Amino acid sequence: PSKPFHFTDVVTGEQPFTEFLIVNEDSRLVVLADLKLKSGNKGFKIIYKNKKGYISRLPKAFHSYDSLKFVLQFDGTKTGNFLDSIGFGNGYAFAYKVQVSANVLSPIIQADDIDFYEVTVGDTVSKSVSVHNNGKVDLIIPAYRSTHAPFRTDLPPTKPYILKSGATY
């Protein structure tokens, strides 16, 4: 059995991946007939590659001390903690050997309420609004467009704009 694998904190929308190495430590030929996830619907996905050194399809014969890789991808579509297990089988026996997990985080944005109350036509009124990121991950704004008069923003022109976790703008 292998150690559990945890994707580090994943931001909503990310698709991190890692590679696992399967080694036949037996002196005999072993056939890998099954490689699957226990639940299969927790956002994890096993990917085969048609590339040297990777499993391209099953069943796959492993000679003594042969090794091949496969890719495990996680799709962080919603926040929460996700857990699954990877199982291996040879057609006669099957066991879940590796527990995999991911913690999906999202920025939590809090903005001030603002009210201009009564404004006379032609008058100019300025008010500032602050935005705070209460989440554990940064808010990344890849692009933005300043609104036209009478509203404006003084966001810096740097793109993408990043509001760090715990920061206020």
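Model, not experiment: these values are computed from the prediction.
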Are [X] and [Y] linked, directly or through other ILVMFWY residues, by side chains that come within less than 4.5 angstrom of each other?
X	Y	answer
Val30	Val98	no
Tyr96	Ile86	no
Val125	Val129	yes
Tyr161	Leu139	yes

List the atom of [X], the atom of [Y], and the distance in Å for their closest heavy-atom pair.
X	Y	value
Ser27	Ser64	CA-OG, 3.4 Å
Asn133	Leu163	ND2-O, 3.1 Å
Phe62	Asn24	O-ND2, 2.9 Å
Asp84	Ser39	OD2-OG, 2.7 Å
Glu14	Asp9	OE1-O, 4.5 Å
Ala33	Gly91	CB-N, 3.7 Å

May I have the step-by-step check of side-chain contact (heavy atoms from CB on, under 4.5 Å) for Lys136 and Ile108, ending in yes or no?
CA-CA 8 Å; Lys136 294 182 180 179; Ile108 300 171; over 6 Å; no
Would you call Thr18 and Val71 a side-chain contact if the rule is heavy atoms closer than 4.5 Å?
no
Could you check whether the rings of Phe5 and Phe20 sit parallel, tilted or perpendicular, using 30° and 60° as the cut-offs?
perpendicular
Please work out which of the three classes, parallel, tilted or perpendicular, describes the rings of Phe44 and Phe74, given edges at 30° and 60°.
tilted
Are the charged groups of Asp138 and Lys164 less than 4.0 angstrom apart, N to O?
yes
Do Arg28 and Asp26 sit within salt-bridge range, that is, some charged N less than 4.0 Å from a carboxylate O?
yes
Reported [atom1]-to-[atom2] distance for the pair [X] and [Y], which is rounded to 0.5 angstrom:
X	Y	atom1	atom2	value
Leu83	Ser101	CG	OG	6.0 Å
Lys45	Asp75	NZ	CG	8.0 Å
Ser106	Lys78	OG	NZ	13.5 Å
Phe88	Leu58	CZ	CG	10.5 Å
Lys60	Ile55	NZ	CD1	8.0 Å
Leu68	Leu21	CG	CG	8.0 Å

Counting N and O atoms only, with roles assigned by atom type, does the side chain of His132 sit under 3.5 Å from a partner on the main chain of Ile109, one being a donor and the other an acceptor?
no
Between Thr12 (side chain) and Leu105 (backbone), is there a donor-acceptor pair under 3.5 Å?
yes
Has [X] got more than 12 heavy atoms of other residues, nucleotides or ligands less than 6.0 Å from its [atom1]?
X	atom1	answer
Asn41	CG	yes
Lys49	NZ	yes
Asp113	CG	no

Is the Phe17 to Phe7 ring centre distance short of 6.0 Å?
no
Do Lys42 and Phe82 form a cation-pi contact, if we require the NZ or CZ to be under 6.0 Å from the six-membered ring centre and within 45 degrees of the ring's axis?
no
